[in-house]
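Structure first, commentary second.
Whatever order the structure lists them in is the order used to number ligands and atoms, beginning at 1.
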Amino acid sequence: MQVQTINVEIKKTLEILGVNLINDGTSTGSENFSNGEIIESISPVDGHLIAKVKSTSAADYEQVITTATEAFKIWRTVPAPKRGDIVRQFGNKLRQRKEALGKLVSYEMGKSYQEGLGEVQEMIDICDFAVGLSRQLHGLTMHSERPGHRMYEQYHPLGVVGVISAFNFPVAVWAWNVALAWVCGDVCVWKPSEKVPLCGVACQKIAAEVFAENNLPEGISSLINGDYKVGEFMSKDSRIPLISATGSIRMGKIVAKEVAGRLGKSLLELGGNNAIIVTPDADIKMTVVGAVFGAVGTAGQRCTSTRRLIIHESIYEKVKQALVDAYGQLRIGNPLDENNHVGPLIDKEAVNMYKAALNKVVEEGGSIIVQGGVLSGNDYQSGCYVKPAIAEAKPDFEIVQHETFAPILYLLKYSGDVENAIAIQNNVVQGLSSAIMTNNLREAERFLSVAGSDCGIANVNIGTSGAEIGGAFGGEKETGGGRESGSDAWKVYMRRQTNTINYTTELPLAQGIKFDL
Ligand code: UN1
């Protein structure tokens, strides 16, 4: 297949981003890497081959790690606020290319153009956050128990940070990691998902431009391409002190085991099975907006997507009807057309998992109240467009325990107190995001209390997705326990050193131990 199949607008977008395609459709972003397997970037929007990218061979990988390790020696000596200034410049370039990068995200991954823009906005926001942070990498000062001694702690960079990211947020999650890691003085090696390699190439080009303009080595930011095998090299490599990985629980367990085996650090951002509890005091209109965006936004492919609605029996029928009406309004189609709400799934494998989940919920005794199905016809040539579906189910169905990356929403009924809903919500292995819809202060506070939601994110009167970068992002249990982006998530990218300085002429020992010579 040739690149000519891509429409002119997309070609122009790739040009703006510096992702130059040569005759056979190969992206020049991969020119540093030789003889690896070929990865094809196929748009789920129209099924066209956008480009081919070479995956990183073992020899290339060695080269990248060596280059990164050398770059670290330079980068760590640049004062943190100066590193912040580089991140500021990177953020400014993102501002200039927001539309182009947002469009590429939309075309290569399939999320709506609005969400593509939102993703680039998250990148810009985390850059701003990191710039301020670059002057606030604070450690504490402690009082020494010994006279004439001073004790304090300082944070130093770790070295090479490995970032493994998923297809669903092809650019933002990388930025959450690198913006912080860079101001902390780390260098980063990034393996984007093999399903969205061009987003990786485009981001690497922007970063490389900034480093070149500042006479800094490009090795501060490196890109490697490939599937799980490349991720495995990284996890096993003791030259990479921290691996930050976003993806499935299955992948996370492998990474965790490999990294722990060499006593490295990992930051894991894995699956969610997020619920909204809808109590008798909920505002139904708000509930519908939150639930529908949460369930069908990004075609249900966010780790924060709403998968379960736990509705009180007294308002169950009312909420159900409002949802059925709202789903009737949804427009499915090309995500670059802003009239559409829902774009395609990432690929046919995802479509099969969607179909299997719908079959399974029926098999287990559930009933589908908004029918799903795969769309066909001219507008849906890629075969990746599916109808968002709603199923009535029971909390203990096997399929309801499982994260299916697709627009399927399960309605579950609860009776009695909010504690019953919280118990249903917590009774899954994942612990990423959660929400309650209620105007009842007591219910809301119980949901947020120590006996409430067990998730990393717990919201009141908003949905489960769409977290802001200022808070720490991540979840508990099999979601992996990692925290990225805001708050003090930066600390994971640094090593802490405790320093005690004696400015007397004596050498007293701690704990009053006597050791006279
Ligand atoms: C993810 O799905 O991996 O909270 C990240 C959200 C986004 C990030 C999701 N800000 O939905």
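At a 4.0 Å heavy-atom cut-off, ligand 1 does not touch F293 at all.
Relative to atom 9 (C) of ligand 1, the option among F405, F167, F169 with the closest non-hydrogen atom is F169.
Screening Q96, Q89, R95 for a side-chain hydrogen bond (donor to acceptor under 3.5 Å, both in side chains) involving N92 leaves a single residue, R95.
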**OP:** Show your working on ring-ring contact (aromatic ring centres under 6.0 Å, His included) between F211 and W182 and close with a plain yes or no.
**Re:** CA-CA 12 Å; F211 294 124; W182 286 339; 5.3 Å; yes

**OP:** Test side-chain contact (heavy atoms from CB on, under 4.5 Å) on L198 and V53 and set out the steps.
**Re:** CA-CA 8 Å; L198 293 182; V53 175; 3.9 Å; yes

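Residue N168 approaches ligand 1 through these ligand atoms, each under 4.0 Å from one of its heavy atoms: 1 (C), 2 (O), 3 (O). Below 4.0 Å from some heavy atom of R302 lie the following atoms of ligand 1, by number and element: 2 (O), 6 (C), 7 (C), 11 (O).
G466 N, 3.2 Å is the protein heavy atom nearest to atom 6 (C) of ligand 1. Protein heavy atom closest to atom 10 (N) of ligand 1, with residue, atom name and distance, is E122 OE2, 2.9 Å. A467 N, 2.8 Å is the protein heavy atom nearest to atom 4 (O) of ligand 1. For atom 1 (C) of ligand 1, the closest heavy atom belonging to the protein is C303 SG, 2.8 Å.
Nearest heavy-atom pair, V45 versus S106, reported as atom, atom and distance to 0.1 Å: CG2-O, 3.7 Å.
The shortest N or O to N or O distance between F473 and ligand 1 is not under 3.5 Å. Among the atoms of S465, none of the N or O lies under 3.5 angstrom from an N or O of ligand 1. Looking at ligand 1, you'll find an N or O of T304 within less than 3.5 Å of one of its N or O atoms. In terms of polar-atom proximity, defined here as any N/O pair under 3.5 Å, T246 makes no such contact with ligand 1.
A salt bridge links E115 with R302; the closest basic N to acidic carboxylate O contact falls under 4.0 Å.
Side chain to side chain, D125 and Q121 meet the donor-acceptor criterion of an N or O pair below 3.5 Å. Residues S244 and E484 bring a donor and an acceptor atom of their side chains to less than 3.5 Å of each other.
The structure places CH2 of W176 at 7.5 Å from OG1 of T246, a figure rounded to the nearest 0.5 Å.
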